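A quick write-up on the structure given underneath.
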Amino acid sequence: MAFLKRYLIPRLIQYVLVVWLGITVVFLIPRLTPNDPVMAMIGMIRARGSTLEPGSMDGIIADLTEMYGLQGSWLDQYWAFWGRLFRGDFGVSFFQFPARVSDLIANAMPWTLGLLLTTTAISWVVGNIIGGLAGYYTRKGWSRTLDAIAMVVRPLPYYIFAFALLLLLAGFMRWFPITGGASLGAIPSFTWAYIKDVLWHAFLPALSLVVLGGAVNFQIMKLLVQNVNAESFVQYAKLGGVTEGRIVRKYVIRNALLPQITGLALSLGQIFSGALITEIVYGYPGLGMLLYNSIVRADYNLIMGITIFSIVGITTAILIVDLAYPLFDPRVRYY
Amino acid sequence: MNVLRDLFRDYRFFFSFIVLMLVLILAFMSIFSPYDPTLWNVVPRDMKPSAEYWFGTDSNGQDIFWQATFAVRNSLIISTIAALVSRVIAILVGMVAGYTGGTTDRVLMFISDSLLVIPLFLIMVMLAMLVRQYMNLVVLGLLLSFFGWAWDARLIRSTILSLREREFTRTAVLSGTGTVRLVLNEYIPFTMPLIFSTLINNISWAIGLEITLAFLGLVNLNIPTLGTMLNWAITYQAMFLGRWWWILTPVFLSLFLFIALYWLSVSISEYLDPRTRIQRVGA
């Protein structure tokens with residue numbers, strides 16, 4: 001019971017509050033910006049070169065006002081906004097009319113989820129193992145080389161790194177496709193040819209996410225391991241004649257890994273944003289590409305849908321990682 | 001002078017120093033530009049790099065070298081505004097939360113935690129779409145600064161928390177030093193190195209986000225920045241048409257800038273941390 005009171009319930013309250021805050025911000029943004037969002041959208045539709053029939057303007061204004069839920073007082077709007085969210089109703093996309101925003105997101109989700117889960121898992125595991133080894137064997141040549149590489153890769157933003165890879169490996173070398181999640185006209189099926197095609201298209205986006213994420217994990221893990229190394233139990237194990245490999249695997253890396261679980265939870269939001277940007281660079285048909293198209297076409301409803309969906313998704317993922325933490329750390333017991 | 005000599009022994013500091021100097025010189029050269037950066041077709045289009053056009057010209061009929069001087073200048077202006085303003089927010093939030101504690105601390109930390117957890121990039125896209133017509137260097141800088149303080153406020157808060165428990169705080173309070181003076185005279189100097197290294201990281205972060213937003217077309221594309229230069233090059237398919245000088249200029253400039261800023265912050269914070277300094281400099 002103490003576990004419930006001391007940990008689970010405060011954590012759940014925090015979760016609900018963060019989701020509430022995020023979605024309230026999404027609600028407030030179009031209402032706090034100095035210009036009328038409806039007029040801004042109409043201006044943007046025009047700027048994109050779509051022609052509007054003379055008589056249709058009033059209709060569009062009414063539609064947009066309704067779509068943004070701009071009728072009535074702010075409090076009424078706020079209630080209506082939450083009501084729609086609880087029904088899972090994000091409205092319809094403006095430019096792929098009458099496709100529902102929730103359906104569009106559902107179509108894009110598997111791509112993003114597949115890319116994000118694999119790359120996050122690979123970069124976390126690989127980055128931590130290599131970082132751990134490099135932190136233990138600091139003076140070895142390969143450890144220094146890896147450190148130098150991480151020093152170059154680490155500061156690069158997702159966009160620049162992804163774009164540089166695209167330029168080099170797809171633009172100039174032509175080893176990989178420039179864009180897309182699968183070849184045009186390929187029919188989704190469980191055949192080897194299709195799977196190979198998808199993997200080939202996913203390789204570059206995945207590579208850029210893995211290298212960037214791996215470099216971060218590598219550096220942090222290396223530092224953590226160097227701190228654990230200084231602890232007396234490591235000295236004791238060495239003096240006691242425990243083999244080096246066993247010390248690294250059983251004592252050093254396992255101890256240093258724990259803060260990295262918290263680190264993963266904290267950085268998930270950034271990793272997600274990075275994955276969206278990477279998808280845009282590679283034209284990968286996930287949420288990022290959907291976001292890009294909705295920006296280009298000024299489809300504000302779709303952007304709101306993606307944002308709300310992402311806020312809920314990311315905070316939930318972080319909650320799960322946090323709640324799973326005691327499973328990994330035997331010292332944490334909530335009773 | 002000893003400080004500088006020790007710092008220059010680190011190849012990373014040396015590299016960053018040279019690169020940042022070159023970048024600053026490039027930015028200042030924009031004063032001498034013979035062309036107005038907002039005008040098109042002032043030089044022949046799509047010329048390769050030559051003695052006359054050092055970095056070549058682009059499909060808008062602009063000289064890439066002089067365009068790059070403005071781009072670097074504007075990117076630095078945006079990121080400096082963003083970094084300085086967000087430092088002020090981070091210092092205020094971190095100091096207040098760390099020093100007062102209690103409910104204030106919990107509320108402020110809840111807000112900064114939320115900013116860390118929520119995918120901010122999407123929120124920024126929403127905001128940028130709606131204020132696009134007001135977008136200029138200052139607005140963009142302020143927009144970025146609003147989102148860039150959360151992590152650093154946490155760092156400053158934890159430093160203050162440990163400073164508050166030290167002996168000198170009690171001595172100062174008991175001898176009648178006011179809170180404001182205590183914070184300004186005692187705490188700020190202690191946190192200065194930390195603030196400085198977060199400042200550099202924040203500049204780098206802001207340049208990166210500006211490039212991303214520009215790539216999405218969410219800034220004023222007529223103001224040359226590293227991001228808008230890249231945007232134009234991509235829009236005109238410079239990669240496929242073999243106009244490498246056009247697309248590689250902003251790419252290389254930003255690559256060098258990011259690496260230099262990061263190495264600068266790493267080498268300075270390693271120097272400021274006495275444990276790592278002993279390892280490296282041996283003094």
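Predicted model, so just to flag it, every value in this text is computed and none were measured. So you know, we letter chains A, B, ... as the sequences are listed, proteins then strands, and number each from 1.
Contact of B/L115 with chain A is not made at all, since no heavy-atom distance falls under 4.5 Å. With a threshold of 4.5 angstrom between heavy atoms, A/I160 approaches chain B through side-chain atoms but not through N, CA, C or O. Proximity to chain A (any heavy atom under 4.5 Å) is restricted, for B/F110, to the side chain, taken from C-beta onward. In this structure, no portion of A/Q226 lies under 4.5 Å from any heavy atom of chain B. For B/L248, the part sitting under 4.5 Å from any heavy atom of chain A is the side chain, from C-beta outward, and nothing else. Using a 4.5 Å cut-off between heavy atoms, B/V117 touches chain A through backbone and side chain atoms alike. B/L261 does not touch chain A: none of its heavy atoms, backbone or side chain, sits under 4.5 Å away. For A/L167, the parts sitting under 4.5 Å from any heavy atom of chain B are the backbone and the side chain alike. Within the 4.5 angstrom heavy-atom criterion, only side-chain atoms of B/W151, from C-beta onward, approach chain A. Residue A/V25 touches chain B through its side chain alone, counting heavy-atom pairs closer than 4.5 Å. Residue contact with chain B, scored on non-hydrogen atoms closer than 4.5 Å, is absent for A/Q270. For B/L218, the part lying under 4.5 angstrom from a heavy atom of chain A is the side chain only. Looking at A/Y158, neither its backbone nor its side chain comes within 4.5 Å of chain B, counting heavy atoms on both sides. If you measure heavy-atom distances from A/L17 to chain B, the contacts under 4.5 Å come from both the backbone and the side chain. There is no contact between B/L209 and chain A, counting heavy-atom distances below 4.5 Å. With a 4.5 angstrom heavy-atom cutoff, B/I118 touches chain A only via side-chain atoms.
In this structure, B/L255 and A/F161 have side chains that are not in contact, with every pair of non-hydrogen atoms separated by 4.5 Å or more. For the pair B/L122/A/F272, a side-chain contact is recorded, criterion being any heavy-atom separation below 4.5 Å from C-beta on. Annotation: side chain of A/Q14 is in contact with side chain of B/D113 (closest heavy-atom distance under 4.5 Å). Counting only heavy atoms from C-beta outward, the side chains of B/I247 and A/F163 approach each other to under 4.5 Å.
In this structure, B/F146 places its CZ atom where only 12 or fewer heavy-atom neighbours from other residues, nucleotides or ligands lie under 6.0 Å away. Around the OH atom of A/Y137, the shell of radius 6.0 Å holds more than 12 heavy atoms that belong to other residues, nucleotides or ligands. More than 12 heavy atoms of other residues, nucleotides or ligands shown are found within 6.0 angstrom of CZ on B/F8. Environment of CZ in B/F15: crowded, with over 12 heavy atoms of neighbouring residues, nucleotides or ligands closer than 6.0 Å.
Among B/I111, B/I234, B/L257, the residue with the largest count of heavy-atom pairs under 4.5 Å with chain A is B/I234. When each of A/I280, A/I306, A/L268 is checked for heavy-atom pairs under 4.5 Å with chain B, A/I280 comes out on top. With chain B as the partner, the residue from A/I277, A/L21, A/I314 showing the most heavy-atom pairs under 4.5 Å is A/I277. Note on B/I123, B/I207, B/L120, B/L116: by heavy-atom pairs under 4.5 Å with chain A, the leading option is B/I123.
From A/I29, atom CD1 reaches atom CE of B/M124 across 10.0 Å, with rounding to the nearest 0.5 Å. A distance of 10.5 Å separates CG in B/L127 from CG in A/L28, rounded to the nearest 0.5 Å. Rounding to the nearest 0.5 angstrom, the gap separating the CE atom in B/M126 from the CD1 atom in A/I303 is 7.5 Å.
Pairing each heavy atom of A/Q219 with each of B/Y262, the nearest pair is OE1-OH, 2.8 Å. When all heavy atoms of A/P155 and B/I259 are compared, the pair lying nearest together is CG-CA, 4.0 Å. Taking both residues in full, the closest heavy atoms of A/S310 and B/P119 are given as CB-CG, 3.9 Å, listed atom of the first, atom of the second, then distance. Among all heavy-atom pairs drawn from B/M129 and A/I295, the shortest one is CE-O, 3.9 Å. Annotation for B/F215 and A/Y292: closest pair O-CE1, 4.5 Å, computed over non-hydrogen atoms.
Of the possible donor and acceptor atoms, one in the side chain of B/W263 sits under 3.5 Å from a partner among the backbone N and O of A/M151.
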